[in-house]
S.K.: 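Next up is a structure, given as structure tokens.
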Amino acid sequence: MVIVVMGVSGSGKSTVGQLLAETLQLPFFDADDFHPEANTIKMAQGIPLNDQDRLPWLENLNHHIKSWDVQEGAVLACSALKQSYRDILERSVSIYWVYLEGSFTLIKERLDQRHNHFMSSQLLQSQFDALEAPKKAFKISIEESPEQVVKKIIKDLKNMNNAEIGLIGLGVMGKSIARNLLSRGCKLAVYNRVTAGEEKVVTNFINDYSNDDLHGFTNLEHFVNSLETPRKILCMIPAGSPLDDLIKAIDPYLEKGDILIDGGNSYFQDTQRRIDSLSEKGIQYLGVGISGGEQGALKGPSIMPGGQKEAYVQVAKYLESIAAKDDNGLACCTYIGPQGSGHFVKMIHNGIEYAEMQLLAECYTLLKPWHDNDEIAQIFEEWNSTTLSSYLLEITIEILRKKEDGSYLLDQILDKAGNKGTGCWSSKIALDLGMPTSIMTQAVFARYISAFKTKRSQLSTLIQWPKIEEQPIEVQDLKKAYQLSRVVNHQQGFELIQNASQTYDWELNLSEIARIWTNGCIIKSTLMVQCIHVLKSDNNLFNNKDLMEELQTNETALSSVLIKALKHRLFIPCFTEALNYWVGMTTERLSANVIQAQRDYFGAHTYQKNDGTDRFYHTNW
Ligand code: 6PG
């Protein structure tokens with residue numbers, strides 16, 4: 001290998017180059033010794049060289065570099081200030097560039113201290129003017145001593161052939177993230193364990209996406225050793241025990257400072273446990289929520305990293321490069337906060353997602369008695385051209401129109417929905433924190449109810465079903481009801497995040513969370529863009545005047561929709577809950593006085609009065 005140490009005069013190229021050559025036991029050359037005679041004469045006369053003069057010199061150097069490259073290699077000190085010079089030097093050969101960076105003042109100071117050396121400020125300035133800092137080089141500040149500089153160069157050289165980042169798990173999401181990283185020019189090592197029937201996962205991936213920057217492994221130790229240090233390893237494997245098993249298996253090969261990144265849908269308290277236990281060994285751990293499904297992961301997901309900030313800083317460039325971009329071109333990836341906060345925020349993203357999906361399913365329920373799938377798609381399409389637009393609405397339109405064997409595919413699909421647990425976790429933690437996120441919980445229950453297919457089928461035969469009225473549901477009312485319910489759903493989700501932020505002392509930025517949810521993720525929507533602005537000034541959407549006015553206006557429409565649904569026995573738990581919550585939260589006096597009294601009656605739990613004091617009373621009922 002040929003190493004070229006470059007920089008302006010006085011940056012210390014020769015000193016560093018010689019020391020580096022000595023340490024690596026390579027020959028050292030100074031580019032100034034390769035000038036043709038005509039140049040040497042010009043320089044001796046104090047006449048500056050122009051680009052034309054430099055051409056034969058650069059050609060000659062390129063010739064030598066090529067021959068050193070096939071021999072034992074070399075270290076060359078050369079100013080190589082312009083990119084066009086470097087292009088000539090690197091013609092048909094690969095060079096490892098070291099760029100010594102320093103400020104004008106520092107270099108001038110050093111030159112002035114040098115014995116027998118004079119360079120006017122003007123001459124040095126002309127070097128700085130000509131300098132085009134290289135993009136592709138190991139950059140190092142000359143403020144460090146030559147010994148330190150050489151040490152760092154050697155460390156980088158050792159890392160050079162190693163992958164920048166490792167990825168474990170070539171499932172659907174893992175493969176897409178791996179391809180995304182490769183497309184950003186990242187040097188990547190992938191690992192997948194070998195299981196019966198899946199022996200060729202790694203080989204197939206390498207064959208399909210063959211790339212000089214990609215290396216595949218089925219041996220965990222070899223995989224870990226192929227990574228530059230500190231190692232950065234992204235785990236894209238199922239949450240729960242598979243992840244714990246992997247951590248146990250990889251732990252012996254990891255060293256202090258290495259970073260493990262969990263890109264799965266892990267429970268946030270599990271993430272916290274893993275952060276704590278790995279930190280005992282000095283291993284850093286990030287819990288990173290990734291949303292967007294297979295396509296998002298490939299083209300740009302929304303990324304929610306949480307854990308140690310220092311660890312995030314070291315992997316930020318990779319995560320931010322693969323993330324989707326928001327309307328202002330910023331990455332939909334931001335450091336969320338400490339501990340398991342990244343996974344917490346992703347969990348609530350999914351809770352909101354469950355409710356958004358169920359609300360659309362309920363719109364379908366409310367339209368289906370009077371409209372065929374194409375008509376429903378048409379209605380949704382109109383909504384999608386307004387502020388109601390969202391990714392979920394968009395895909396639902398396509399789903400409604402999809403035909404297979406001449407009939408709507410949707411009509412052929414069983415009405416029984418599964419889940420992987422994040423909606424349930426969101427609801428459970430909301431209950432623990434005392435937060436009424438009732439819409440997402442109803443969405444979870446709706447999936448659970450759907451699962452009782454056999455029982456439902458039996459019971460439905462016993463029911464006297466009401467006749468469908470001729471008059472269809474008012475689409476304008478439904479649109480307003482949907483609008484209201486979505487705002488309530490988002491309010492509940494953000495309020496839960498805010499509560500967790502205070503409870504766990506995470507200092508989360510709700511507006512920034514909304515920002516990274518405006519692209520790449522499943523719940524991206526125009527409403528989310530609106531939330532960025534609203535949440536900048538207040539953590540509660542209900543405190544926003546415009547949203548509040550809209551909610552008030554839409555209430556009547558929601559009530560009309562519910563009345564129609566009740567009459568026809570239509571199952572719309574999320575719409576119903578949206579109205580309950582909205583009415584409950586905007587009612588001054590609820591019936592909880594009765595509950596207080598009952599508790600005191602049978603259990604002497606005491607109660608408070610409307611007397612404005614903190615006093616608790618007990619009555620012998
Ligand atoms: C996403 C999704 C993704 C997945 C969830 C939900 O943001 O990309 O939320 O993480 O769809 O696992 O799955 P369930 O509906 O099966 O719970």
Side-chain angles (χ1 to χ4, degrees), residues 169 171-177 179-180 234-240 242-243 261-268 270-271 287-306 319 322-324 326 332-334 336 340 342-362 390-396 399 413-430 437 439-451 489-490 493 496-497 513-525 528 574:
V172 174
M173 290 293 280
K175 267 188 199 155
S176 295
I177 294 281
R179 290 174 58 196
N180 192 341
L234 174 58
C235 307
M236 295 300 299
I237 63 169
L243 183 61
I261 309 159
D262 170 16
N265 274 332
S266 291
Y267 187 56
F268 78 104
D270 287 343
T271 302
V288 176
I290 302 182
S291 173
E294 186 181 2
Q295 280 305 303
L298 180 62
K299 294 182 182 149
S302 168
I303 306 182
M304 295 146 254
L319 298 182
I322 61 167
D326 70 9
C332 288
C333 169
T334 192
I336 297 288
H343 274 144
F344 182 92
V345 166
K346 172 60 174 45
M347 176 176 81
I348 307 309
H349 165 283
N350 283 23
I352 298 172
E353 170 188 303
Y354 271 52
E356 291 288 295
M357 291 165 76
Q358 178 63 26
L359 282 170
L360 278 168
E362 293 179 17
S390 72
Y391 167 75
L392 281 170
L393 183 55
E394 202 175 293
I395 64 163
T396 310
I399 290 168
I413 297 179
L414 185 66
D415 58 332
K416 197 173 156 185
N419 75 93
K420 293 203 194 77
T422 45
C424 164
W425 293 343
S426 303
S427 302
K428 275 191 195 163
I429 198 70
T437 49
I439 305 196
M440 65 176 73
T441 306
Q442 282 304 329
V444 177
F445 286 157
R447 290 197 195 185
Y448 291 178
I449 289 180
S450 81
N489 178 36
H490 283 68
L496 175 54
I497 295 175
I513 291 170
R515 185 190 69 74
I516 62 162
W517 284 350
T518 57
N519 202 5
C521 70
I522 305 295
I523 59 172
K524 65 177 182 181
S525 70
M528 198 60 83
C574 284

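In each ligand, atom 1 is the first atom listed, and ligand 1 is the first ligand listed. These numbers were taken from a predicted model, which means no experiment stands behind them.
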S.K.: Output the list of atoms in ligand 1 that are nearer than 4.0 Å to some heavy atom of Gly292, sorted by atom number.
M.R.: 1 (C), 7 (O), 8 (O)
S.K.: I need the nearest protein heavy-atom contact for atom 15 (O) of ligand 1: residue, atom name and distance, please.
M.R.: Arg447 NH1, 2.8 Å
S.K.: Does Ser302 reach the main-chain N or O of Ser291 with its side chain, forming a donor-acceptor pair under 3.5 Å?
M.R.: no
S.K.: To which protein heavy atom is atom 5 (C) of ligand 1 closest, and what is the distance rounded to 0.1 Å?
M.R.: Asn350 ND2, 3.5 Å
S.K.: Flag Gly293 as yes when one of its N or O atoms lies below 3.5 Å from any N or O atom of ligand 1, and as no otherwise.
M.R.: yes
S.K.: For Ile522, counting its heavy atoms only, list the atoms of ligand 1 lying under 4.0 Å from any of them.
M.R.: 1 (C), 2 (C), 7 (O), 8 (O)
S.K.: Taking the side chain as everything from C-beta on, heavy atoms only, tell me whether Met357 gets closer than 4.5 Å to Leu392.
M.R.: yes
S.K.: Does the side chain of Phe268 reach to within under 4.5 Å of the side chain of Ile348, using non-hydrogen atoms?
M.R.: no
S.K.: If you take the nearest heavy atom of each of Glu294, Met304, Lys346, Met347, which one is closest to atom 3 (C) of ligand 1?
M.R.: Lys346
S.K.: Atom 9 (O) of ligand 1: which protein heavy atom is closest, and how many Å away?
M.R.: Glu353 OE1, 2.6 Å
S.K.: Side chains of Ser450 and Asp415, heavy atoms from C-beta outward: is any pair under 4.5 Å?
M.R.: no
S.K.: With a cut-off of 4.0 Å, which atoms of ligand 1 are near a heavy atom of Asn265?
M.R.: 5 (C), 10 (O), 12 (O)
S.K.: Got Glu356 and His490 here, is their nearest side-chain heavy-atom distance under 4.5 Å?
M.R.: yes
S.K.: With a 4.5 Å heavy-atom cut-off, do Ile336 and Ile513 have their side chains touching?
M.R.: yes
S.K.: Does any N or O atom in Tyr354 lie less than 3.5 angstrom from one in ligand 1, N or O only?
M.R.: yes
S.K.: Where the closest heavy atom to atom 1 (C) of ligand 1 is concerned, which of Ser291, Ala443, Gly418 has it?
M.R.: Ser291
